[in-house]
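Down below is the structure, laid out as structure tokens.
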2 protein chains.
Amino acid sequence: MTGAALSEARAVALARVFKALADPVRLRLLSMIGAAEGGQACVCELTAGFEVSGPTISHHLKVLREAGLIEGDRRGTWIYYRAVPGALDAVSDALVPNRVPA
Amino acid sequence: MTGAALSEARAVALARVFKALADPVRLRLLSMIGAAEGGQACVCELTAGFEVSGPTISHHLKVLREAGLIEGDRRGTWIYYRAVPGALDAVSDALVPNRVPA
DNA sequence: TTCATGTCTTGATGAGCATCAAAACAGTCG
DNA sequence: CGACTGTTTTGATGCTCATCAAGACATGAA
């Protein structure tokens, strides 16, 4: 956030992603998905880790999906979600441009 | 977000910061402060760059201040705001731990 | 087809937030 | 002190969001 000033349009787009990240449940969902075996997890596993109801988890997953942070595909009975590659890196870059991949 | 699963407490703390970033006006304020001469800007300069009213800018600056992202000090008539060093880096680290300073 | 399971959508409710106008506070200058 | 500028606080309003209960949809099995 030290480079040139942010344009209005870019600020709106970035704010949308940050809004998706601005909830403890969604952060933990994202974390659980990333930490899961093979980088993916089905909704049943995710729901088990929280005290909130199934529909609420589904709602949060939808928010993350619409923000471009995760994507899911149905495999038989279950739906598996995984992180969209590079999505979080792009957000990280926007915050601190002077960083490079390890 | 690929390491160990996030604790509930850490998720709540992180979400608080993301919530502060989840507004286009606040993102642009942060950007303008970072891009300003000497890394600091007075409220009058910031207000001039927006269409919203003065009190609204003041409100957003307060949110950023309470999130630990900026700090301000009065210097005569004007109050100057600047970014808290390392605050954004910490957020960036939380998102993508596998990055190192350039 | 009928049933059971997993996931999502709908509808409703209560809490939180962005915004502004008006008032209050802080500091400078005459 | 009094007038003025810069900044914040207060109060009110409309909107968005998180959550749940109930129902709907999708898939696989009997």
Side-chain angles (χ1 to χ4, degrees), chain A residues 6 8-9 11-33 36 40-82, chain B residues 6 8-9 11-33 36 40-82:
Chain A
L6 228 51
E8 164 77 16
V12 170
L14 255 180
R16 226 188 308 268
V17 179
F18 282 125
K19 198 181 306 180
L21 293 170
D23 186 282
V25 174
R26 288 199 288 270
L27 284 177
R28 292 182 64 200
L29 282 172
L30 214 46
S31 164
M32 288 173 70
I33 291 174
Q40 56 183 12
C42 81
V43 181
C44 54
E45 302 177 67
L46 299 172
T47 306
F50 294 89
E51 296 166 351
V52 298
S53 68
T56 299
I57 296 293
S58 182
H59 160 70
H60 286 306
L61 288 172
K62 182 178 182 181
V63 172
L64 289 172
R65 211 186 322 132
E66 290 178 342
L69 294 170
I70 63 173
E71 52 191 9
D73 64 317
R74 174 158 237 138
R75 211 168 309 159
T77 304
W78 298 281
I79 299 184
Y80 286 85
Y81 281 96
R82 62 185 174 284
Chain B
L6 228 52
E8 164 78 16
V12 170
L14 255 181
R16 226 189 309 266
V17 179
F18 282 126
K19 199 182 305 182
L21 292 171
D23 185 282
V25 173
R26 289 199 286 270
L27 284 176
R28 291 183 63 199
L29 281 172
L30 214 48
S31 164
M32 288 173 70
I33 292 173
Q40 56 184 12
C42 81
V43 181
C44 54
E45 302 176 66
L46 299 172
T47 306
F50 293 89
E51 295 166 351
V52 300
S53 67
T56 298
I57 295 293
S58 183
H59 160 71
H60 286 306
L61 287 172
K62 183 180 183 180
V63 172
L64 289 172
R65 210 185 322 132
E66 290 178 343
L69 295 170
I70 62 174
E71 52 191 9
D73 64 321
R74 174 156 236 141
R75 212 169 306 163
T77 304
W78 297 280
I79 299 182
Y80 285 85
Y81 280 97
R82 62 183 175 285

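Order of the sequence lines fixes the chain letters, A, B, ..., with proteins taken first and strands second; residue numbering starts at 1 for each chain. Treat the numbers as computed from the prediction; the structure is a model and nothing was measured.
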Practice problem: Report the distance from atom CG of Leu61(B) to atom P of dT7(D), rounded to the nearest whole Å. | Solution: 10 Å

Self-check item: Contact under 4.0 Å: Tyr81(B) side-chain N or O vs dT8(D) OP1/OP2
Solution: yes

Practice problem: Would you check if the side chain of Ser58(B) reaches a backbone N or O of Gly54(B) as a donor-acceptor pair within less than 3.5 Å? | Solution: no

Quiz item: At under 4.0 Å between heavy atoms, what does His60(B) touch on the DNA or RNA strands: base, sugar-phosphate, or nothing?
Solution: sugar-phosphate

Self-check item: Distance, rounded to the nearest Å, where Lys19(B) contributes NZ and dC17(D) contributes P
Solution: 13 Å

Exercise. Verify, without hydrogens or angle tests, whether Arg82(B) (side chain) and Asp73(B) (backbone) share a donor-acceptor contact under 3.5 angstrom.
Key: no

Exercise. Over all heavy atoms of both residues, which pair between Leu21(A) and Phe18(B) is shortest? Give the atoms and the distance, please.
Key: O-CD1, 3.7 Å

Quiz item: For Lys62(A) and Arg74(A), take the nucleotide of DNA chain C holding the closest heavy atom to each; which residue's nucleotide lies nearer the 5' end?
Solution: Arg74(A)

Quiz item: Within this structure, what is the CD-to-C1' distance between Glu66(B) and dT9(D), rounded to whole angstrom?
Solution: 12 Å

Quiz item: Of the nucleotides dT8(D), dC20(D), dT7(D), which has the atom closest to the Cys44(B) side chain?
Solution: dT7(D)

Quiz prompt | Spacing of Glu51(A) atom CD relative to dT19(D) atom C1', expressed in whole Å | solution = 14 Å

Quiz item: Using a cut-off of less than 4.0 Å, is there contact between a side-chain N or O of Ser53(A) and OP1 or OP2 of dC20(D)?
Solution: yes

Quiz prompt | Value in whole Å for how far the P atom of dC17(D) lies from CG of Leu64(A) | solution = 14 Å

Quiz item: What does Arg26(A) touch in the nucleic acid at a heavy-atom separation under 4.0 angstrom: a base, only the sugar-phosphate, or nothing?
Solution: sugar-phosphate

Practice problem: Taking the side chain as every heavy atom from C-beta outward, state whether Val63(A) and His59(A) have any pair of such atoms under 4.5 Å apart. | Solution: yes

Self-check item: Met32(A) CE to Glu45(A) CD distance, which is reported to the nearest 0.5 Å
Solution: 8.0 Å

Quiz item: With a non-hydrogen cut-off below 4.0 angstrom, is Gly76(B) in contact with a base, only sugar-phosphate, or nothing?
Solution: sugar-phosphate

Quiz item: Given dT27(D), is OP1 or OP2 found less than 4.0 Å from the side-chain N or O atoms of Thr77(A)?
Solution: no

Self-check item: Side-chain heavy atoms of Glu8(B) within contact of Glu51(A), under 4.5 Å
Solution: no

Self-check item: Nucleotides bounding contact with chain A, strand DNA chain C, heavy-atom threshold 4.0 Å
Solution: dG6(C) to dT9(C)

Exercise. Applying side-chain contact (heavy atoms from CB on, under 4.5 Å) between His60(B) and each of Val52(B), Asp23(B), Leu46(B), report the one that passes.
Key: Asp23(B)

Self-check item: Length of the line joining Trp78(B):CH2 and dT8(D):P, which is rounded to integer Å
Solution: 15 Å

Practice problem: Figure out the CD/C1' separation between Glu45(B) and dG6(D), and round it to whole Å. | Solution: 13 Å

Quiz item: Taking CG from Asp23(B) and P from dC15(D), how many angstroms apart are they, rounded to a whole number?
Solution: 17 Å

